[in-house]
Protein chains: 2
Amino acid sequence: MSEAEEQRDGRQSLAHRVPDLAALELLLAVARLGSLGAAAREVGVTQPAASSRLRSMERQLGVALVDRSPRGSRLTDAGALVTDWARRVVEAAAAFDAGARALRDRRDSRLRVAASMTIAEYLLPGWLLALHAERPDTAVSLLAGNSAKVAELLLTGEADLGFVEGLNVPTGLDSTVIARDRLIVVTAPGHPWARRRRPLTAQELAGTPLILRERGSGTRQVLDAALGGLARPLIELSSTTAVKASAVSGAGPSVLSELAVGEELAMRRLVSIPVEGVSLRRDLRAVWPTGHRPTGPARELLSLTRG
Amino acid sequence: MSEAEEQRDGRQSLAHRVPDLAALELLLAVARLGSLGAAAREVGVTQPAASSRLRSMERQLGVALVDRSPRGSRLTDAGALVTDWARRVVEAAAAFDAGARALRDRRDSRLRVAASMTIAEYLLPGWLLALHAERPDTAVSLLAGNSAKVAELLLTGEADLGFVEGLNVPTGLDSTVIARDRLIVVTAPGHPWARRRRPLTAQELAGTPLILRERGSGTRQVLDAALGGLARPLIELSSTTAVKASAVSGAGPSVLSELAVGEELAMRRLVSIPVEGVSLRRDLRAVWPTGHRPTGPARELLSLTRG
DNA sequence: ATGAGGGCATAAGCTGGTCTTATGAGCGAG
DNA sequence: CTCGCTCATAAGACCAGCTTATGCCCTCAT
């Protein structure tokens with residue numbers, strides 16, 4: 001997106017076109033409580049501030065969001081839609097906060113969690129959010145690394161609870177399966193594979209260069225094992241995001257966790273290619289040093305991950 | 001969340017603990033470009049402003065995000081994690097913007113889209129984002145309603161392209177399948193059904209009161225048809241969000257689009273219950289008045305939805 | 001009928017954050 | 001050795017948003 005194009009659009013980055021988080025939270029409160037004043041009280045400002053904030057949000061969006069009446073305020077149709085989109089933004093922000101909070105409390109924490117990248121990115125923020133809702137006083141810290149790193153942190157006592165996504169549990173650790181993940185083959189919608197009628201065979205997959213995470217990543221391990229160590233890299237990238245971006249741009253097929261590509265599949269930026277004869281399921285496990293059954297906050301978090 | 005509890009946590013709503021969108025965008029730019037100054041230029045501020053913004057973000061989060069050096073800046077490990085979470089927030093904000101933009105351009109638009117609620121909520125913002133990337137000048141408007149409303153808007157010429165999720169295509173409209181959706185049975189993880197070994201039968205499902213959207217919604221139609229008009233409501237609610245919230249809180253089983261519950265399933269706030277003997281698949285279709293094949297921007301959008 | 005109370009809008013003044021410009025200091029390459 | 005890139009700091013301007021203080025409208029109960 002060039003500057004020239006920004007000029008032409010008359011826009012200056014999202015931040016100027018999307019209301020800030022405080023305003024979005026206010027909108028959600030109004031939707032829930034049905035009154036500007038009540039919403040103002042909930043978010044901790046005065047009623048005029050809320051009134052003005054809401055008004056400027058409507059001006060910014062160019063759409064009326066709430067019908068004000070002398071006995072309360074209700075969302076307009078457009079307001080209901082906007083509120084749903086706002087809720088997503090606020091949820092993402094809450095997940096951000098849960099993660100950041102855990103990161104911040106590194107030093108003086110009582111529950112120290114070590115997790116592999118995919119879990120830290122896609123699942124942990126949500127769990128931490130739930131944990132915080134139930135035990136608001138728990139200070140959590142978060143360290144991310146591959147399976148070996150997680151094992152090391154647990155065994156040296158630098159972490160209380162770990163989450164790994166590999167096939168085998170590192171020695172010295174006990175574990176329990178908390179969820180199952182599936183690796184799926186994805187391509188951009190224009191790729192020839194997207195038009196296949198029959199599932200891909202293991203041989204075809206093994207014979208095709210793929211966009212992959214680097215060796216040593218949990219994802220790569222599972223794939224190598226499933227194919228018998230044969231996965232051929234077309235490109236090797238060091239983050240899931242980079243792999244996704246390459247795949248979306250049509251650079252080639254990739255194999256990724258279904259956790260990571262939900263959004264892309266829904267929006268059809270990527271399509272999932274069925275495969276037969278290969279088991280790409282993998283267990284996501286919570287791990288802890290053998291014998292040291294999780295207790296206290298660790299046990300609490302563990303129970304949340306299993307529902 | 002009471003005020004007292006807010007006191008105790010020392011927090012004052014997300015907005016005070018999460019950096020604003022401008023800061024998050026700056027962080028993404030720094031991550032991508034590897035330089036504070038370059039990132040500053042990209043987001044359209046001076047370098048000192050970027051420096052200060054980043055510093056205050058680090059202070060706010062209590063974590064160092066980038067390693068500055070005389071020849072550039074790189075993310076720290078924590079920074080990489082934070083950047084991924086930030087990316088989610090920014091993506092949600094971009095989707096919000098795409099939707100809001102469409103809503104705003106209602107009057108003077110060139111492409112007027114009518115869509116059913118589920119599609120408008122979960123899919124359209126992403127498509128509009130993609131459309132905007134390819135054709136930045138296209139002004140799009142968005143109207144949401146049920147299938148009948150969409151048909152009416154198309155037939156009266158008030159909309160150019162529609163999206164519906166029902167079983168049958170309203171008369172007078174041509175259509176094409178753009179994606180498939182599946183309704184899934186979900187419960188809170190504590191529900192007895194979550195521990196079943198065998199799939200649910202159609203009879204069991206039909207015999208159990210469910211948390212549902214109101215009659216007339218696309219979701220409800222499909223379910224009623226699949227069960228032979230027998231779905232028994234436990235509660236009827238008017239928004240997908242409300243239904244999800246009830247299901248998560250354990251009020252009972254529900255049937256929802258898999259589009260709507262991806263996040264909840266991943267975080268195990270809900271679990272999916274297999275069902276046999278019922279086809280809960282449904283086609284998502286683009287529709288237009290018979291004979292009036294989509295052209296111009298409508299055609300463009302259509303092609304994006306199919307990849 | 002008439003006041004009490006809740007709901008929202010407007011006005012005026014203050015405060016604080018954030019931007020800009022200007023400048024300095026470290027490091028590497030020509 | 002000096003140019004060019006990086007980032008940091010300082011000082012001042014500016015603007016957005018808050019609070020307090022009102023006023024109007026509507027409803028409900030006395």
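In the text below, chain A, chain B and the rest are named by the order of the sequence lines, each starting its count at 1.
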If only side-chain N and O atoms of B:Ser35 are considered, is one of them under 4.0 Å from the OP1 or OP2 phosphate oxygen of D:dT6?
yes
Does C:dG7 have its OP1 or OP2 closer than 4.0 Å to a side-chain nitrogen or oxygen of A:Arg68?
no
In whole Å, I'd like the distance from the CZ atom of B:Arg74 to the P atom of D:dC7.
13 Å
From NE2 of A:His16 over to C1' of C:dT18, roughly how many Å is that when rounded to an integer?
11 Å
Do B:Thr76 side-chain atoms and B:Ala64 backbone N/O form a donor-acceptor pair below 3.5 Å?
yes
Quickly, which of B:Leu301, B:Leu103, B:Leu128, B:Leu124 forms a side chain to side chain contact (heavy atoms under 4.5 Å, CB included) with B:Val140? Name it, please.
B:Leu128
Rounded distance in Å - CG (A:Leu36) to P (C:dT10):
12 Å
Salt bridge (charged side-chain N to carboxylate O under 4.0 Å, His left out) pairs touching residues 70-81 of chain B, sequence neighbours excluded, are none
Starting at CG of A:Leu27, measure out to CH2 of A:Trp85 and round the result to the nearest 0.5 Å.
12.0 Å
Short side-chain N/O contact to D:dA8 OP1/OP2 from B:Ser51, under 4.0 Å:
yes
Whole Å only: how far is the CG atom of A:Leu54 from the P atom of C:dG7?
15 Å
Between protein and nucleotides 15-30 of chain D, map the contacts as a letter string: B base, S sugar-phosphate only, - none, heavy atoms under 4.0 Å, written 5' to 3'.
---SBBB----S----
Going by distance alone, is a donor N or O of one side chain under 3.5 Å from an acceptor N or O of the other, for A:Asp84 and B:Thr241?
yes
I need the B:Ile119 CD1 to B:Trp127 CH2 distance, nearest 0.5 Å.
5.5 Å
With a 4.0 Å cutoff (strictly under), does any side-chain N or O of A:Ser73 reach OP1 or OP2 of C:dG7?
no
Taking CZ from B:Arg41 and C1' from D:dT6, how many angstroms apart are they, rounded to a whole number?
10 Å
